[in-house]
Protein chains: 2
Amino acid sequence: MEIKTAVPLLAALAQESRLAIYRTLVAAGSGGLAVGRIGEQLQVAPATLSFHLKELSHAGLVTSRQEGRFIYYSANYTAMNELLAYLTENCCAGQPCTPAPPCCNPPCD
Amino acid sequence: MEIKTAVPLLAALAQESRLAIYRTLVAAGSGGLAVGRIGEQLQVAPATLSFHLKELSHAGLVTSRQEGRFIYYSANYTAMNELLAYLTENCCAGQPCTPAPPCCNPPCD
DNA sequence: TCCATGATTCTATGATTATCGAAATATTGA
DNA sequence: TCAATATTTCGATAATCATAGAATCATGGA
């Protein structure tokens with residue numbers, strides 16, 4: 001991963017509402033959650049929520065799919081795993097020190 | 001870790017200059033690097049560099065020690081490991097999926 | 001004590017970001 | 001087609017952030 005890729009990912013997570021949204025989606029599993037359900041859980045106004053989902057989506061941390069009137073958002077585990085790998089890169093002067101990539105790879109549900 | 005703790009850590013890393021600084025310090029190992037050396041490597045003006053180091057330091061991602069006229073900054077591996085643990089928490093609907101915390105714990109140089 | 005060097009603080013400026021009300025768009029069922 | 005519901009876009013506002021020149025502070029050597 002390039003630094004130019006990592007910065008937008010980190011920026012997307014570096015905001016309380018968005019981190020909460022992301023974690024809610026992570027906890028929800030790969031089925032995802034409709035926008036309205038996220039809003040209910042986190043008490044965020046629709047326009048604000050939409051703004052943050054767009055940010056997360058643009059960063060590649062979440063994906064969406066339409067189902068009838070609902071749009072389901074779900075966490076993209078791969079993006080997070082790549083970010084974690086980037087952050088732990090060179091952590092010991094170039095010596096590999098993590099045998100396996102952290103977290104779920106492949107996603108486990 | 002609380003979300004209120006994680007956000008400032010992520011925000012500190014979510015900026016190209018700071019992420020570059022942090023990674024330079026990670027690569028430098030626990031001995032750290034004097035401010036001037038960091039500036040040389042990354043081509044950042046002293047005032048700007050000082051601003052970013054303060055941010056990283058305030059977030060707890062780096063520590064500093066004075067040695068004569070020089071101030072050496074070094075990466076705080078523990079803070080990063082705690083952040084990584086937080087980000088991977090609940091990643092599989094609450095099932096633990098990472099046997100050991102990612103990266104160096106304890107730091108290996 | 002004075003000077004040179006390393007680093008930080010002050011200050012101003014331009015840019016980006018978060019929030020949310022109101023309006024617009026999209027989909028479904030009647 | 002029309003009404004109801006779900007979500008997004010628009011627009012305005014307030015707040016935060018990044019940058020760097022100039023001034024200041026701290027340390028060590030002459």
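Chain letters run A, B, ... following the sequence lines, proteins first and then strands; every chain starts at 1. Everything numeric in this text was worked out from a predicted model, so none of it was measured.
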(message) Ignoring hydrogens, what is the shortest heavy-atom contact between L56(A) and A12(A)? Give both atom names and the distance.
(response) CD2-O, 3.9 Å
(request) Look up atom NE2 in H58(B) and atom CG in L9(B), then write down how far apart they are to the nearest 0.5 Å. (result) 11.5 Å
(request) Write down the distance between CG (L33(B)) and P (dG6(C)), rounded to a whole number of angstrom. (result) 14 Å
(request) With a 4.0 angstrom cut-off to heavy atoms of chain A, pull out the first and last contacting nucleotide of DNA chain D, in 5'-to-3' order. (result) dA4(D) to dT9(D)
(request) Determine the contact category for R18(A): base if any of its heavy atoms lies under 4.0 Å from a base atom, sugar-phosphate if only primed atoms, P, OP1 or OP2 are that close, otherwise nothing. (result) sugar-phosphate
(request) Rounded to the nearest angstrom, tell me the gap between atom CZ in F70(B) and atom P in dA4(C). (result) 17 Å
(request) Using atom CZ of R65(B) as one end and atom P of dG6(C) as the other, report the distance to the nearest whole Å. (result) 17 Å
(message) Return a single string for nucleotides 19-30 of chain C, one symbol per nucleotide in 5' to 3' order, where B is base contact, S is sugar-phosphate-only contact and - is none, cutoff 4.0 angstrom on heavy atoms.
(response) BBBB----BB--
(request) Output yes when E67(B) and R65(B) qualify as a salt bridge under the 4.0 Å nitrogen-oxygen rule, no when they do not. (result) yes
(request) Using a heavy-atom cut-off of under 4.0 Å over every strand shown, decide if Y73(B) touches base, sugar-phosphate, or nothing. (result) sugar-phosphate
(request) For E2(A), look at atom CD and say whether over 12 heavy atoms of other residues, nucleotides or ligands are found less than 6.0 Å away. (result) no
(message) Nearest 0.5 angstrom please: Y77(B) OH to L25(B) CG, how far?
(response) 9.0 Å
(message) In this structure, how many angstroms lie between the P atom of dG6(C) and the CD1 atom of I38(B), rounded?
(response) 14 Å
(message) Tell me whether the NZ or CZ atom of R23(A) lies within the 45° cone about the ring axis of Y86(B) and under 6.0 Å from its centre.
(response) yes
(message) If you assign G36(B) and A11(A) each to the DNA chain C nucleotide with the nearest heavy atom, which residue ends up on the more 5' nucleotide?
(response) G36(B)
(request) Find out whether I3(B) and L19(A) are in side-chain contact, i.e. whether some heavy atom of one side chain is under 4.5 Å from a heavy atom of the other. (result) yes
(request) Taking atom types as modelled, find out whether R37(A) and Y72(A) have a side-chain donor-acceptor pair closer than 3.5 angstrom. (result) no
